[in-house]
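Take a look at the structure set out below.
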Amino acid sequence: MSLRFQGVAFDLEGTIVDLESAHHQGHLDAAAEVGLHLSLEQAINEIPAFVGGPDVEIARAIQSRVSQQITVDQLLSRMKYFYSRYRRNMVVRPRPGFDHILSQIERLGILTCIGSVTNRDEGIALVNACGLDGSFSADRLVFAEDVMSLKPAPDVYLETARRMSVTPMQQIVFEDSVPGVQAAVAAGSTVIAIPVLQQNEFRARLLHSGAALVYATWADVDISSLLAA
């Protein structure tokens, strides 16, 4: 079988491990604390970075919508506090079906890399907690500290391609957020979306942003067909 793609890059949070409810509720709590009361649906629709980050853009969006004097750094601190409170009660594991897809990719001899806007310490902790440290060596982990600009800028996925020694066009990216899809498209890669959020409007936004396909779960993915497409 001739394979079009020589490397696979995965976003981490949301795409591989689902901690989205902790992130989302943490953001909402931080916003409410300074007088901005939003439903999850409102936040997703009104704050472009709300799903997928980066957190600094979410903090800036909250700051711009409130009259209370608060800095972006203060908001980031409160977002982290609330996220950590919810995160403590969650079991960290890969989304169902991911391990099977990763095994298939590894059997095909395709290179893999993680490309995330998560900070390095948190990202490595998540990779280890998911038992993925044996699949992704340190040089195949790209985090916020490794790039100049975060998603939706293309830097993360330009860097994952560089580390796998493939061109961005030879790289297929799996993402769950609009900024992540935009980053992969801007890098010149084909992107497949596997969002945690299944609202029709959000799926439509992923497609509008450039996702070639949107799958509900990893179990829906036919990796051999995708890599050879």
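Keep in mind that the numbers below use all heavy atoms, side chains included, and drop hydrogens, waters and symmetry copies.
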Main chain of A161, side chain of Q171: is a donor-acceptor contact present, judged purely on distance under 3.5 Å?
yes
Return yes if some donor-acceptor pair links the side-chain N/O of S77 with the main-chain N/O of Q74 below 3.5 Å, else return no.
no
Would L158 and R162 count as a side chain to side chain contact (heavy atoms under 4.5 Å, CB included) here? Give the steps.
CA-CA 6 Å; L158 292 174; R162 187 190 71 80; over 6 Å; no
Does this structure show an ion pair linking D146 with R120, if we count only N-O contacts that are shorter than 4.0 Å?
yes
What are the two closest non-hydrogen atoms of F202 and P195, and how far apart are they?
CE2-CB, 3.8 Å
When you look at L206 and V178, which way does the side chain to side chain contact (heavy atoms under 4.5 Å, CB included) test go after all the steps?
CA-CA 5 Å; L206 291 167; V178 170; 4.0 Å; yes
Flag yes if V173 and L213 sit in one hydrophobic cluster, no otherwise; membership is Ile, Leu, Val, Met, Phe, Trp, Tyr, and two members link when side-chain heavy atoms are under 4.5 Å apart.
no
Would you confirm whether S116, through its side chain, and F143, through its main-chain N or O, come within 3.5 Å as a donor-acceptor pair?
no
Under-4.0 Å salt bridge between E159 and R163:
yes
Would you find a donor on one side and an acceptor on the other, under 3.5 Å apart, between the side chain of N128 and the backbone of A125?
no
Short side-chain to backbone donor-acceptor contact, D155 and S149, under 3.5 Å:
yes
Distance-only, no hydrogens or angles: does the Q63 side chain make a donor-acceptor pair with backbone N or O of I70 under 3.5 Å?
yes
Criterion side chain to side chain donor-acceptor pair (under 3.5 Å) on T71 and D73, from CA distance to verdict
CA-CA 5 Å; T71 68; D73 285 343; 5.4 Å; no
Do Y81 and E33 get their side chains close enough for a donor-acceptor pair, meaning under 3.5 Å?
no
Sidechain-backbone polar pair: T190 side chain, I172 backbone, donor-acceptor under 3.5 Å:
no
Yes or no on side chain to side chain contact (heavy atoms under 4.5 Å, CB included) for V34 and R78, after CA distance, side-chain angles and deciding distance?
CA-CA 10 Å; V34 294; R78 298 305 291 164; over 6 Å; no
Name the one of L141, D99, T112 that satisfies side-chain contact (heavy atoms from CB on, under 4.5 Å) with L132?
D99
Under 30°, 30 to 60°, or over 60°: which ring-plane class applies to F50 and H27, parallel, tilted or perpendicular?
perpendicular
Does the pair D55 and Y83 meet the rule for a side chain to side chain donor-acceptor pair (under 3.5 Å), with working shown?
CA-CA 11 Å; D55 283 358; Y83 162 74; over 6 Å; no
